[in-house]
2 protein chains.
Amino acid sequence: MMNKFMKIYEDISNQIQEGSLAAGSLLPSENDLADTFQTSRETIRKALKILSEDGYIHKVQGKGSIVLDVKKFAFPISGLVSFKELSKKMGHRAKTHVEMLQEIFPDEGLKEHLKLSRDDTAWEIHRVREIDKERVIFDKDFIVKKMVPGLNKAICQNSIYEYVEEELGLTISFAKKEITVETPTEEDRSYLDLEGFHNIVVVKNFVYLDDTSLFQYTESRHRPDKFRFVDFARRK
Amino acid sequence: MMNKFMKIYEDISNQIQEGSLAAGSLLPSENDLADTFQTSRETIRKALKILSEDGYIHKVQGKGSIVLDVKKFAFPISGLVSFKELSKKMGHRAKTHVEMLQEIFPDEGLKEHLKLSRDDTAWEIHRVREIDKERVIFDKDFIVKKMVPGLNKAICQNSIYEYVEEELGLTISFAKKEITVETPTEEDRSYLDLEGFHNIVVVKNFVYLDDTSLFQYTESRHRPDKFRFVDFARRK
DNA sequence: AAGTGGTCTAGACCACGCA
DNA sequence: GCGTGGTCTAGACCACTTG
């Protein structure tokens with residue numbers, strides 16, 4: 001069963017996506033909504049808060065909640081989305097190749113990143129993402145081994161996130177992400193179709209579990225022409 | 001006067017930044033905080049919500065709120081931050097040159113972007129940002145003229161945002177941002193120190209006012225080595 | 001079982017936009 | 001002045017973690 005405010009959120013966001021709530025128009029007032037959904041105003045406000053954060057509406061004091069235009073969709077690297085969720089949307093145009101899966105003794109830099117203690121080992125995973133028959137993304141993952149001892153190729157082929165959350169019962173909760181542009185390494189050139197490209201977009205990801213321990217460090221290396229990042233930002 | 005929950009937010013975030021609330025430790029419970037701040041629990045929860053969104057804490061049901069490590073700071077292109085706010089942090093290492101300010105009759109593409117009606121004109125502004133004596137960012141702005149009739153070079157030199165909000169009383173409320181990597185144009189090469197660079201990072205920005213009208217379209221074109229984008233993402 | 005955060009309520013008052 | 005959203009309250013019950 002879903003929360004009440006989540007159901008209200010789903011209901012309204014669906015209406016906006018269908019167009020039965022037109023962009024530019026005003027939502028019913030919070031008091032009206034509280035009546036029609038048979039709930040209190042604070043619960044309505046919780047739903048509207050999320051709608052606003054997700055770019056569905058914009059609230060103006062004294063006026064009301066304006067429905068925004070949500071036609072534009074995009075490559076949603078924003079938030080925490082795994083490649084598997086992404087490739088679902090792309091249908092059969094996307095493929096994953098697991099090129100490497102090995103246990104390593106991490107060097108100092110990586111120990112620093114993963115906050116490893118002496119003797120801890122890590123998994124190093126190389127995966128290449130193919131879109132429309134072109135190898136355009138190279139994902140390089142480092143995971144603390146003791147947290148995921150039973151990792152294997154089939155899991156990497158599918159979704160590490162899924163395995164960790166559903167099989168191991170760990171909760172991935174937040175991540176710090178950093179986007180930079182770098183010069184391709186020999187490794188990049190060997191894995192990707194980089195023909196004439198002189199740069200590569202690097203998305204570094206620090207993934208944390210619910211107990212705030214660092215779980216994974218990932219570099220997702222994208223061919224620049226296939227990279228796109230979209231964000232919705234609010235003032236203050 | 002500030003809101004109660006904002007004061008609580010400030011108070012706690014300051015304590016975290018100072019280190020008097022250590023990373024890894026637990027915050028007092030919401031009931032305790034409600035007592036010490038002489039307020040209701042919901043108000044405390046509002047403050048904690050923002051602390052969590054801003055990456056200061058992480059909440060776990062049944063356990064408490066864990067203080068996160070916030071030492072790592074970064075080039076905050078995330079959110080809506082103007083170059084002026086940014087350059088404050090950089091001290092005298094940053095400079096702005098206004099290279100162009102003219103009224104134009106927009107072509108079809110731009111009319112589309114700015115949703116201009118027939119006969120509307122726009123401002124086209126070119127600004128080059130210099131950091132440590134190197135010209136590394138080229139900002140190309142298009143603004144609906146009728147919204148900002150009195151624009152001049154001094155304003156562009158300072159901060160267009162500031163002028164629009166403080167002098168004109170308009171409220172900039174949200175933006176859609178898109179990051180891609182492109183091949184430099186002749187224009188880019190003439191404005192920036194691009195020596196051997198083959199790519200340029202383009203941040204396209206659609207800035208909206210409080211009444212949801214599109215106010216400005218901006219392309220911020222960065223030399224790839226000087227570009228960095230940092231984000232804090234939460235699952236779901 | 002006790003304590004934590006998560007949800008929900010019904011009501012109050014305030015700040016703002018608009019006619 | 002009325003209706004809007006913004007803040008705040010005091011209390012209730014639920015879901016979860018930990019001893």
Side-chain angles (χ1 to χ4, degrees), chain A residues 1-12 21 24-53 56-68 165 169-171 173-174 209-213 234-236, chain B residues 1-12 24-53 56-68 165 168-171 173-174 209-213 234-236:
Chain A
M1 200 50 167
M2 233 175 185
N3 292 331
K4 202 178 251 190
F5 71 84
M6 260 308 175
K7 274 190 276 192
I8 297 169
Y9 166 87
E10 296 284 349
D11 190 297
I12 296 180
L21 281 170
S25 65
L26 286 176
L27 239 51
S29 78
E30 296 180 350
N31 283 315
D32 287 354
L33 289 170
D35 283 349
T36 61
F37 282 101
Q38 279 293 300
T39 185
S40 71
R41 194 179 145 219
E42 281 292 347
T43 300
I44 294 293
R45 283 178 60 71
K46 221 178 259 181
L48 297 193
K49 177 98 191 302
I50 311 175
L51 286 167
S52 150
E53 284 167 358
Y56 283 108
I57 64 170
H58 178 62
K59 308 177 84 178
V60 184
Q61 187 171 92
K63 208 170 171 187
S65 297
I66 307 170
V67 178
L68 299 183
E165 297 216 296
L170 300 173
T171 308
S173 61
F174 60 95
L209 296 177
D210 217 20
D211 62 357
T212 77
S213 65
R234 278 182 184 285
R235 185 74 160 166
K236 279 204 96 52
Chain B
M1 200 50 167
M2 233 174 184
N3 292 331
K4 204 179 249 190
F5 71 84
M6 259 310 174
K7 273 190 277 192
I8 297 169
Y9 166 86
E10 295 284 349
D11 189 298
I12 296 180
S25 64
L26 287 176
L27 240 47
S29 79
E30 296 180 350
N31 283 315
D32 286 354
L33 289 171
D35 283 350
T36 62
F37 282 101
Q38 279 294 299
T39 185
S40 71
R41 194 177 145 221
E42 281 293 347
T43 301
I44 294 292
R45 283 178 59 72
K46 220 177 261 181
L48 296 193
K49 178 98 190 303
I50 310 174
L51 285 167
S52 151
E53 284 167 359
Y56 283 107
I57 64 171
H58 179 62
K59 308 178 84 180
V60 184
Q61 188 172 86
K63 211 168 170 188
S65 298
I66 308 171
V67 177
L68 298 182
E165 298 215 297
L168 300 183
L170 300 172
T171 308
S173 61
F174 60 92
L209 295 178
D210 217 19
D211 61 358
T212 76
S213 65
R234 279 183 182 284
R235 186 76 160 165
K236 281 207 97 154

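Owing to the predicted nature of the structure, the values given are computational and were not obtained by experimental measurement. A, B, ... follow the sequence lines: proteins, then strands. Residue 1 opens every chain.
A/Lys49 meets the salt bridge (charged side-chain N to carboxylate O under 4.0 Å, His left out) test with A/Glu53, B/Glu53; sequence neighbours excluded. In this view, B/Asp11 and B/Gln15 satisfy the side chain to side chain donor-acceptor pair (under 3.5 Å) rule, not counting sequence neighbours. Listed by chain and number, the residues in a side chain to side chain contact (heavy atoms under 4.5 Å, CB included) with B/Ile50 are B/Phe5, B/Met6, B/Tyr9, B/Asp54 (sequence neighbours excluded). Contacts of A/Ser40 classified as side chain to side chain donor-acceptor pair (under 3.5 Å), with partners at least two apart in sequence or in another chain: A/Thr43.
Identified under the salt bridge (Lys or Arg N to Asp or Glu O under 4.0 Å) test for residues 25-36 of chain B, with sequence neighbours left out: B/Glu30-B/Arg41, B/Glu30-B/Arg45, B/Glu30-B/Lys59.
Separating the NE2 atom of A/His58 from the P atom of C/dC16 is a distance of 15 Å, rounded to the nearest angstrom.
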For this session: Spell out protein contact along nucleotides 2-10 of chain D as letters: B when the base is contacted, S when just the sugar-phosphate is, - when no protein heavy atom is under 4.0 Å; keep the 5' to 3' order.
Result: -BBBBBBBB

